[in-house]
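Read the structure below first, then the notes.
We name chains A, B, ... by the order of the sequence lines, and we start the count at 1 in each one.
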Amino acid sequence: MTDQIKITLPDGSSREVASGTTPAQIAADIGPGLAKAALAARIDGEIRDIMRPLEVDTELALITSRDEEEALELARHDYAHVLAEAVQALWPGTQITFGPSTDDGFYYDVMAPKGREPFSMDDLPAIEEKMREIIKADKPLRREAWSRADLIAKWESDGEKFKSEWAAELPEGEELTVYWSGDDWMDMCRGPHLASTGKLDPKAFKLMRVAGAYWRGDQRNEQLTRIYGTGWLNKKQLNAHLHRLEEAAKRDHRKLGQEMDLFHLQYEAHGSVFWHPQGFVIWRELEAYMRRAIDGAGYQEVKTPQIMDAKQWEQSGHWGKYRENMFVVPDEVPSVEDDAPLVTGDADMMAIKPMNCPAHVLIFKQGIKSYRDLPLRIYENGCCHRNEPHGALHGLMRVRQFTQDDAHIFCREDQIVEEVRKFCELADRVYNDFGFTYSVKLALRPDERYGSDEDWDKAEEELRQAVIDAGMANEEYGWEELPGEGAFYAPKLEWHLTDAIGRTWQVGTIQSDRVLPERLDASYIAEDGERHRPIMLHRAIFGSYERFIGILIEHYAGKLPLWLAPTQAVVATIVTDANDYAEKVAERLRAEGIRVEADLRNEKINYKVREHSVGKIPNILVVGMREAEEGKVALRQLGQKEQQFLTLDEAVTLLIEEARAPDLKG
RNA sequence: GCUGCUGUAGCUCAGUGGUAGAGCGCGUCAUUGGUAAUGACGAGGUCGAGAGUUCAAUUCUCUCUAGCAGCACCA
């Protein structure tokens, strides 16, 4: 044990210490300030406890609160443990399971003791108080290695069935570690942890909410109570975060949708959107934009039936794998008798389309297609209905009726990578036009699927290759592969955007599908004169108009770019004598294609300016007698206090230029 | 679908075992005012739906339904 080891520090210096020395001792050796500030150690790139002895030559970097990312991660993980300890201290018999850190804090999944209700919001203050006690007690967090058998025995004797189940599944022979908090509480954990609970700031966390969560993420398992907290290094950070959440709530598209009179939802059609005139303006602009985009990219637009015979859905495979999400319609005249059953029960069934793909294959199959026709790109603003689980519905983001900017590209095998690459570039252009940054993910084969493993291998590799070709398979584009997340018929590339409070939503997608052309027997005649199967690429960029508009509203906090703003300008009068001139100004702008309203109400100009500013009207053109006499307008743009005095012609030119869609700008 | 919470005027929200209130908005009247709220008066509610307890339920209990957060599922 007297072996000397060599420790290399980040500044390049090195020192010889006895094997078994801890990073904490080295920190103390360097200086008392560092000893106090050091939270953990980076050992050859891996974060470790500061009290864990060093055994071999290593590169060592000490982590302090200045290494914010690492420090937050450590602190949040510790908060989670303290949370679990607090809950068990307050309610003995509570079973503990897992408690990781999250993007802004931590959570822990627990099972309330038998005979007790699941924990609720009302329990949070008491838990927070207990957590503060544990933090203030400054209990040392001590790492200890256990044998698997001992640990299972320990969990079983403690009645921790979730923990023992998990321990039993960890690989045989792997060293299992536990962390003691003082001498009276422990949890199985890989670590690392801070040296003691006192390293946490008792004022830098807050328990936020409770929710149900399934054991091991599987809805067939028991449901646990998940207690969420947000955790930071100090109170200032916590307050800043809470403030951010308040700000984010103001951007919520459901709230803004109501305030701006864009749309509404009501229970008679729950999960389907009632678009109001103002909101539908945005939709129409998006539709026009997308038509320009696909016209330029060699697509052809179609429109297909809303309802098709169940036999068609059986053949496509949807009936087998997707039926629980479909709205089914009996193909029968309903009974008009008051007391007779509405339908007979042996009616033939039809279904409202949950997807557009089969219909597009049916269009492809009309006539004989040659290899010269490929790639054939068929686009539809396709209105789909899916009977989603009720708990999944969320404003515009997740609805039961939605319209996809859906297209299917029928192509040859050797055209796939190129088509997917072109799509990546088209999608990139579109998201950039809207000011979004996105992340690209590859969702790989799910457990339940159609098609052979060889086809899945090929399909996954093609998508991967296309993204590499497009130069997007890297961190800048949030590139990531997601095992098991693909559709039942194909792997998916997914484009994710982020909403106001940091949740991400999939919008765009492209999927290379060999299954559906096979099932629906689509073919083309190749150069060899034989029939061949085309590959089918399913793709969307907005994903759905509904979701895309929801994200747009949140992204811009309602202050949409001028070309999307439902009302682009209001002409507001100061005195009624200026009404005629105001009408003339509005008339002129309207004739130039600007969406403008005249506000001639008998209200003070202060009142009108306030109301239209609150209503996020991008341009207010104030006109009084002075403007009327000089043929001018006083233009006040949203977010600016200054006004510009312009001639009507100047104002028209300015607004037309600013209202141009990004793809139409020079 | 699961767990927890919530549902009172168009909106935001108070409140009560004896059938309700504020602010904003809306309407009428007065006011013609230079860039974020002019004043007065007035109209609006089966207190989410159904059942139960009670002399009496918007209030307590249960069921349903919708919304919110999360889980699970997904564009």
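- As judged by a 4.0 angstrom heavy-atom cut-off over every strand, A:A392 is placed among the base-contacting residues.
- One finds a side-chain N or O of A:H390 lying less than 4.0 angstrom from the OP1 or OP2 phosphate oxygen of B:rA66.
- Set against B:rA75, B:rG70, B:rU38, the side chain of A:E603 has B:rU38 as its closest nucleotide.
- Across all strands, A:R636 comes closer than 4.0 Å to base atoms (heavy-atom distances).
- In this structure, A:W313 and A:H318 have perpendicular ring planes: the angle between them is above 60°, well past the 30° mark.
- The aromatic rings of A:H390 and A:H270 lie perpendicular to each other, with more than 60° between the two planes, well past the 30° mark.
- Pairing of B:rG1, defined by two Watson-Crick or G-U wobble distances under 3.5 Å, is identified with B:rC71.
- Here A:Y214 does not lie in a stacked arrangement on the base of B:rA72, lacking the combination of planes under 30° and ring centres under 5.5 Å apart.
- B:rU6 is paired with B:rA66 under the Watson-Crick or G-U wobble criterion, all donor-acceptor distances under 3.5 Å.
- At a cut-off of 3.5 angstrom, counting only N and O atoms as typed in the model, there is a donor on one side and an acceptor on the other between the side-chain of A:T576 and the base of B:rU32.
- Heavy atoms of A:H270 sit under 4.0 angstrom from primed sugar atoms or phosphate atoms, though from no base atom.
- Partner assigned to B:rC11 is B:rG23, using Watson-Crick or G-U wobble distances below 3.5 angstrom.
- Contact of A:Q266 with B:rG48 (side chain to base): no donor-acceptor pair of N or O atoms is detected under 3.5 Å.
- The aromatic rings of A:Y431 and A:F436 sit perpendicular to each other, their planes meeting at more than 60°, with 30° as the lower class boundary.
- A:G508 comes within contact range of no nucleotide atom at all, as no heavy-atom separation falls under 4.0 Å.
- Contact annotation: side chain of A:R220 to base of B:rA72, donor-acceptor pair absent below 3.5 Å.
- The base of B:rA66 does not come close enough to the side chain of A:E268 for any donor and acceptor atom to sit less than 3.5 Å apart.
- Nucleotide B:rU16 has no partner under the Watson-Crick or G-U criteria, as no pair reaches both atom distances under 3.5 Å.
- Using Watson-Crick or G-U wobble geometry with both donor-acceptor distances under 3.5 Å, B:rU46 finds no partner in any strand shown.
- Aromatic ring orientation, A:F434 versus A:Y289: perpendicular (interplanar angle above 60°, classes split at 30° and 60°).
- A:V507 comes within contact range of the sugar-phosphate backbone alone, with a heavy-atom separation under 4.0 Å but no base atom that close.
- Donor-acceptor pairing under 3.5 Å, judged by distance alone, is present between the side chain of A:R398 and the base of B:rC73.
- For B:rG27, the glycosidic angle deviates from 0 by more than 90°, giving an anti base.
- Taking 3.5 Å as the limit, the base of B:rC71 and the side chain of A:R226 contain no donor-acceptor pair of atoms between them.
- Residue contacts for A:R254: at a heavy-atom cut-off of 4.0 Å it reaches the sugar-phosphate backbone alone, with no base atom in range.
- Within the 4.0 angstrom heavy-atom criterion, only backbone atoms of the sugar-phosphate kind lie near A:K492; the bases stay farther away.
- Ring pair A:Y108/A:H81 is perpendicular by interplanar angle, where above 60° counts as perpendicular and below 30° as parallel.
- If you check B:rA56 for Watson-Crick or wobble pairing at under 3.5 angstrom, you find it has no partner at all.
- Using a 4.5 Å cut-off on side-chain heavy atoms (C-beta onward), A:M397 and A:I551 make contact.
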